[in-house]
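So the structure is just underneath, and the comments pick up after that.
When a ligand or atom number is given, it counts from 1 through the structure's own listing order.
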Amino acid sequence: MAENLPTSPSGAVPRHIAIIMDGNGRWAEERGLPRRDGHRAGAESVRKCVETCGEIGVEYLTLYAFSSENWKRPKTEVDALMRLLEAFLKEKTKEMKKQNVRLQAIGRIDLLPERCQKQLHKSIQETSENSGLTLVLALSYGSREEIIDGIKSVLRAVREGHIDEAMIDPDLFGKHLYTRYYPDPDLLIRTSGEMRISNFLLWQISYAEIYITPKLWPDFGNDDLKEAVADYARRHRRFGAL
Ligand code: FPP
């Protein structure tokens with residue numbers, strides 16, 4: 001089995017959960033509230049989800065917090081999301097330290113507003129010694145862009161003579177992706193009922209179990225996460241074998 005394939009045996013808690021947090025906008029619209037209130041409620045779901053993952057022994061949690069396509073949203077919404085992210089990090093870093101959570105980020109972080117980048121690096125640095133759950137925020141992230149960056153990185157390594165073309169295989173390529181430090185997700189959750197992957201971890205979810213719930217992200221609570229994990233535990237994973 002390739003080195004970074006998911007490793008949790010069937011019946012166990014997933015080692016790595018990845019979540020497409022969808023439905024903040026609809027949650028707000030249903031209540032006649034501005035979309036930014038939906039994102040704010042979504043941030044509270046993030047807090048709860050991190051707490052539960054830490055409690056049940058998940059090792060890695062990757063959250064799709066802002067996609068490369070999200071830049072196309074109206075400037076007011078993008079600004080609100082960036083302010084929310086900055087405030088969330090500022091406010092929750094102390095809590096993450098207490099909960100032994102190590103924060104990481106993947107994506108084109110250099111495209112985020114300066115203040116956001118600064119806070120992100122500060123939070124990453126301040127939690128870097130923690131040994132519990134690794135929380136990976138996908139920010140300005142797009143899987144196709146990541147794969148293109150990976151191809152460029154492999155080509156550079158060949159050109160500079162660090163590797164030979166014949167050495168290129170899935171394991172080696174995985175080491176040129178943003179996610180090279182983490183195992184592949186075992187479980188992919190998407191909220192709000194949409195049956196799409198939306199350019200999220202396309203390479204890494206090859207063998208992930210997929211769980212889609214109609215719940216909107218702000219309504220996705222501890223029990224919903226535990227139900228998704230229980231559903232995962234009931235499945236029999238074969239990785240293409242019999
Ligand atoms: C999708 O809902 C959600 C997002 C685009 C952003 C996710 C952001 C958060 C959960 C809050 C902030 C995150 C952190 C880490 C503090 P949508 O707006 O696409 O919903 P819709 O499909 O109903 O319009």
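With a 4.0 Å cut-off on non-hydrogen atoms, L216 does not touch ligand 1 at all. Only the side chain of W217 comes within contact range of ligand 1, with a heavy atom under 4.0 Å; no backbone atom does. Residue K92 does not touch ligand 1, judged by heavy-atom distances below 4.0 Å.
Inclusion of N70 in the set of residues having an N or O under 3.5 Å from an N or O of ligand 1 is not warranted. Note: an N/O pair closer than 3.5 Å links G25 and ligand 1 by distance alone. The shortest N/O to N/O separation between D22 and ligand 1 falls below 3.5 Å.
Ranked by closest heavy atom to atom 17 (P) of ligand 1, the top entry among M21, R26, E77, R73 is R73.
Between E51 and R47, at least one side-chain N (NZ, or NE/NH1/NH2) sits under 4.0 Å from a carboxylate O, which counts as a salt bridge. With respect to the salt-bridge test (charged N to carboxylate O, under 4.0 angstrom), the residues K226 and D223 do not qualify.
Across all their heavy atoms, W203 and G174 have their closest contact at NE1-CA, 4.3 Å. Shortest non-hydrogen contact noted between Q99 and V50 is OE1-CG1, 4.2 Å.
Residue-environment remark: CZ (R31) exceeds the threshold of 12 foreign heavy atoms within 6.0 Å.
Distance check: T62 OG1 to I20 CD1 gives 11.5 Å after rounding to the nearest 0.5 Å.
In terms of protein heavy-atom proximity, atom 9 (C) of ligand 1 is nearest to N24 ND2, 3.5 Å. For atom 6 (C) of ligand 1, the closest non-hydrogen atom of the protein is A65 O, 3.3 Å. Looking from atom 12 (C) of ligand 1 to the surrounding protein, the closest heavy atom is L84 CD2, 3.8 Å. What sits closest to atom 11 (C) of ligand 1 on the protein, heavy atoms only, is H39 O, 3.5 Å. At the top of the distance list for atom 16 (C) of ligand 1, counting protein heavy atoms only, stands F88 CG, 3.4 Å.
Judged by distance alone, the side chain of S67 and the main-chain N or O of N70 form a donor-acceptor pair under 3.5 Å.
Between L111 and W71 the shortest side-chain heavy-atom distance falls below 4.5 Å.
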For R190 and S198, what are the C-alpha separation, side-chain angles and deciding distance, and is it a side chain to side chain contact (heavy atoms under 4.5 Å, CB included)?
-> CA-CA 10 Å; R190 180 168 190 148; S198 303; 2.8 Å; yes

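The closest approach between R35 and ligand 1 falls below 4.0 Å for a heavy atom of the residue.
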